[in-house]
Amino acid sequence: MAVHLHGLPADIEGINAVAERHGIKVIEDFSQAFGAAIEGRAVGGLGTVGVASLMAGKNLPSAGEGGILVTNDREIRNQAVTLKCFGEKINPNGSYVLSHSTMGWNYRINLLSAVMASQQLFHLDQYNESRRDGAKVLEAILNELDLFHPPKIPEGMTPVYHMYRFRIDPEKAGLSISLDQAREALKQVFMAEGLPLVEFQNQPLAGHDLMQQRVGYGRGCPWSCQNRENMTYSIEDYPGALSAIQDSLVLGYPAQAAIANPEVVDAYAHCFRKVAANSRAFERFARDLPAQAPPWNKPARLF
Ligand SMILES: Cc1ncc(COP(=O)(O)O)c(C=O)c1O
């Protein structure tokens with residue numbers, strides 16, 4: 001499963017090539033990336049199946065909870081409909097047979113949510129454009145300031161900035177503070193201006209109790225099958241995730257779509273400049289904070 005995280009397309013061509021070599025089907029999770037594209041081709045339609053959440057916080061929200069699955073493979077589509085609707089049998093041509101063929105769930109979206117999401121489609125392009133405009137303003141400013149790095153967008157990718165995550169680099173800015181001190185100080189300084197910055201997640205998935213304690217599934221499969229018995233779920237096995245958690249912050253959360261609002265983007269831009277212009281005062285403030293542990297030494301949480 002390839003996740004187009006934060007609205008930036010994953011390297012789906014590379015993933016498809018590996019999957020093809022091993023006869024594996026690729027599922028794209030484009031919950032955070034409606035309208036994002038690679039060389040002009042929209043994500044969600046580049047693997048075998050695309051799945052996406054329509055929950056209220058997404059770029060394409062419904063009025064509550066919901067989700068979609070898209071595929072060109074009719075057999076997979078029919079199987080998904082069966083599972084969505086109490087295991088009801090589906091004819092090869094896609095029509096219902098009103099009998100139950102297998103186990104299934106009630107995953108049907110409610111009509112009001114579906115209507116809301118489909119109406120949002122008419123605004124999606126414009127909405128994504130506003131996010132890209134906001135990102136362009138921030139990118140120009142962050143590129144000027146040594147303490148920050150804007151997100152890197154690989155050639156050919158069109159992102160939609162579901163979240164705007166930027167890196168911090170106190171060493172490059174010549175500040176004698178650790179990443180943990182710099183991150184915490186930035187959170188406090190921006191919050192004093194009413195502008196939230198969050199880590200968003202403080203643990204790789206493996207650090208959550210679910211994986212650490214292997215709760216659920218009667219402690220059976222998936223914990224006990226496919227040679228997973230000896231898996232340690234050690235967070236040190238995910239150095240890329242740990243470094244992203246430690247040296248970056250997300251702007252705007254938990255308010256939605258801060259980046260689509262030019263006034264809010266200006267307020268963040270002003271604050272980035274203010275920190276950079278007062279970097280020695282910022283350094284002193286960060287150094288005087290109580291000792292900061294890496295985020296993953298605290299219980300797992302979302303922002
Ligand atoms: C990338 C991604 N996948 C899956 C989900 C889960 O979506 P839902 O809560 O609608 O099941 C979310 C959102 O919360 C998400 O951001």
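Remember, it's 1-based here, ligands and their atoms both numbered in the order they're listed. Below, each value reflects all heavy atoms present in this structure, side chains not excepted, and no hydrogens, waters or symmetry copies.
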* Are Tyr233 and Leu210 co-members of a hydrophobic cluster defined by side-chain heavy atoms under 4.5 Å apart? -> yes
* Just going by heavy-atom distances, which of Leu54, Leu5, Val51, Asp29 is nearest to atom 4 (C) of ligand 1? -> Asp29
* Which of the listed options, Lys58, His4, Met55, His6, holds the heavy atom that is closest to atom 13 (C) of ligand 1? -> Lys58
* So which heavy atom on Val26 is nearest to which on Ala19, and how close? -> CG2-CB, 3.3 Å
* Would you say atom 11 (O) of ligand 1 touches the protein, meaning some protein heavy atom is under 4.0 Å from it? -> no
* **Numbered atoms and elements of ligand 1 in range of Val3, under 4.0 angstrom, heavy atoms** => 1 (C)
* Of the protein's non-hydrogen atoms, which lies at the shortest distance from atom 8 (P) of ligand 1, and what is that distance? -> Ser53 OG, 3.5 Å
* Under 3.5 Å: N/O of Gln32 near N/O of ligand 1 -> yes
* Decide, yes or no, whether a salt bridge links Glu139 with Lys136 under the criterion of side-chain N to carboxylate O below 4.0 Å. => no
* Does Arg131 make a cation-pi contact with Tyr127 (under 6.0 Å, within 45 degrees of the axis)? -> yes
* Structure fact -> When Leu179, Leu242, Asp180, Ile245 are each screened for side chain to side chain contact (heavy atoms under 4.5 Å, CB included) with Pro294, the one that passes is Asp180
